[in-house]
Amino acid sequence: MFNLILFGPPGSGKGTQSEKLIAKYGLKHLSTGDLLRSEIAQQTALGLEAKKIMDKGHLVPDEVVIGMISSALDANPDAKGFLFDGFPRTAAQAEALDKLLDLKKTSINVMLALEVSEEELVKRLLKRGETSSRSDDTNEAVIRQRIAVYHSKTAAVADYYKGFDKAVYLKGEGTVEEIFGRICGEVDSRL
Ligand code: B4P
C-alpha cells in the first residue's frame, strides 16, 4: 500500500494536483474539503454546522473530520493506497491518522508539502471565487484568515512528519504540469 499526504496552504494546488495523481497512480482520493462540501450540498446537520465555520475561514472540529476519514478508510478496504488532501490539518488529526492506519497495518509513506507565496495564494483563490460556487473563496478577508489558520495550526503538522523523516518540500509555483512533474519524481522514487 502507498499512502501519500499532499500538504500546503489553501490554494497551493492540493486539489488540482490530487486529480492528476489519482489518475496516474490509482490511489483513493480522500479530501476532507470535498467530503465537507458534499455534506453541505446534501444539507445534512453536519454540513450546515460545517458551512458556518468554513465561511469564516476557520477549521471544522478535529473529531468531525477524523470521524469522516475513519469512515472513508473503512469504506475502502481494497484500496491500493490513499491520497490525503487537506488532511491532517492539526497535530491532533495527524496523530489520529497514524492510529487509524496502524489499525489497518499500514502507514504514511511520505508527506509532500507545496510551497507558494501568500500573494500567489490570494490571487489564485480570488480567481477561483469568480467562477466556483465556493463562498469561502469570494472574500479576501476570509482567504487571508484561512492562510493565517494555516500558519497558526496547520504548518506544525509538517514538523510532525519531519520528526519521522517523511516530510518533503516542493516548489508549488509554475505551471500545473511542472509541479506535477516534481511531485511524480518524489512519488516514483518511493514506489
Ligand atoms: P480545502 O477544500 O482543503 O481547500 P483549500 O485548502 O482551500 O484548497 P486547495 O489547496 O485544495 O485548492 P487548490 O490549491 O487546488 O478546505 C476548505 C475548507 O474546509 C477549510 O478552510 C476548512 O474550513 C475546511 N476543512 C477542510 N479540511 C479540514 C480539516 N482536515 N480540518 C478542519 N477543517 C477542514 O486550488 C486553488 C486554485 O488555484 C484553483 O482555482 C486552481 O485552478 C488554482 N491553481 C492550482 N494550481 C495552480 C498553478 N500551478 N498555477 C496557477 N493556478 C493554480
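First listed ligand is number 1; within each ligand, the first listed atom is number 1. The structure displayed is predicted, hence computed values, not measured ones.
- Atom-to-atom distance recorded for S71:OG and L30:CG is 11.0 Å, nearest 0.5 angstrom.
- Residues in residues 10-19 take part in these side-chain hydrogen bond (donor to acceptor under 3.5 Å, both in side chains) pairs, two or more places apart or across chains: S18-D85.
- Ligand 1 is approached by G174 to a heavy-atom distance shorter than 4.0 Å.
- Here the closest non-hydrogen pair linking A167 and A158 is CB-O, 4.0 Å.
- In terms of protein heavy atoms, atom 10 (O) of ligand 1 is closest to K14 NZ, 2.9 Å.
- Taking every heavy atom of F87 and a limit of under 4.0 angstrom, the matching atoms of ligand 1 come to 30 (N).
- The two residues R134 and S132 come nearest to each other via the heavy atoms N-OG, 3.0 Å.
- Residue, atom and distance of the protein heavy atom nearest to atom 33 (N) of ligand 1 are V60 N, 3.1 Å.
- Proximity of V65 to ligand 1, defined as any heavy-atom pair under 4.0 Å, is confined to the side chain (atoms from C-beta onward).
- The two residues L125 and P10 make their nearest non-hydrogen contact at CD1-O, 3.6 Å.
- Within a 6.0 Å radius of CG in D188, more than 12 heavy atoms belonging to other residues, nucleotides or ligands are found.
- Note: S70 OG to K99 NZ = 13.0 Å, rounded to the nearest 0.5 Å.
- Checking side-chain atoms of R89 against main-chain N and O of L59 turns up no donor-acceptor pair under 3.5 Å.
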Salt bridge (Lys or Arg N to Asp or Glu O under 4.0 Å) for D136 and R128? Distances and angles first, verdict last.
CA-CA 10 Å; D136 58 345; R128 182 168 69 185; 5.7 Å; no
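- Applying the under-4.5 Å side-chain rule to Ile, Leu, Val, Met, Phe, Trp and Tyr, the cluster around Y25 extends to F2, L4, L6, L21, I22, L27, L83, V110, L112, L114, V168, L170, I179, F180, I183, V187, L191.
- In summary, the side chains of N3 and T106 do present a donor paired with an acceptor at a separation below 3.5 Å, with no hydrogens or angles considered.
- Nearest protein heavy-atom neighbour of atom 27 (N) of ligand 1: T32 OG1, 2.7 Å.
- The residue among M54, R134, E120 with a heavy atom at the shortest distance from atom 4 (O) of ligand 1 is R134.
- Every atom of ligand 1 is numbered from 1 in the order shown, and the set under 4.0 Å from a heavy atom of Q93 is 29 (C), 30 (N), 31 (N), 32 (C).
- No N or O atom of L59 sits closer than 3.5 Å to an N or O atom of ligand 1.
- Of the N or O atoms in R146, one or more lie within a sub-3.5 Å distance of an N or O in ligand 1.
- Among the atoms of P88, none of the N or O lies under 3.5 angstrom from an N or O of ligand 1.
- Residue, atom and distance of the protein heavy atom nearest to atom 45 (C) of ligand 1 are T16 OG1, 3.3 Å.
- Scanning the protein for heavy atoms near atom 14 (O) of ligand 1, the closest one is G13 N, 2.3 Å.
- Closest of all the heavy-atom pairs between A50 and L36 is CB-CD2, 4.0 Å.
- Here R37 has side-chain heavy atoms under 4.0 Å from ligand 1, and that is the only part of it that gets that close.
- No part of K56 comes within 4.0 Å of ligand 1, judged by heavy-atom distances.
- The residue from L35, I5, L97 that alone fulfils the side chain to side chain contact (heavy atoms under 4.5 Å, CB included) condition with F87 is L97.
- Atoms of ligand 1 found under 4.0 Å from any heavy atom of P10 (numbered from 1 in listed order, with element): 5 (P), 6 (O), 7 (O).
- R124 places a side-chain N or O within donor-acceptor distance of the main-chain N or O of G11, the cut-off being under 3.5 Å.
- From the protein, the heavy atom lying nearest to atom 39 (C) of ligand 1 is R128 CD, 3.8 Å.
- Within the listing of ligand 1, atoms 27 (N), 28 (C), 29 (C), 30 (N) sit less than 4.0 angstrom from a heavy atom of G86.
- Closest to atom 43 (C) of ligand 1 by heavy atom, among R124, H58, R89, Q145, is R124.
- Checked by distance only, ligand 1 and G172 stay at 3.5 Å or farther apart across all their nitrogen or oxygen atoms.
- Using 4.0 Å as the threshold, I179 has a heavy atom nearer than that to some atom of ligand 1.
- Among protein heavy atoms, the minimum distance from atom 25 (N) of ligand 1 is reached at L36 CD1, 3.6 Å.
- Here is the list of ligand 1 atoms found below 4.0 Å of a heavy atom in S12: 10 (O), 14 (O).
- Heavy-atom proximity to atom 11 (O) of ligand 1, evaluated over G129, G15, P61, is greatest for G15.
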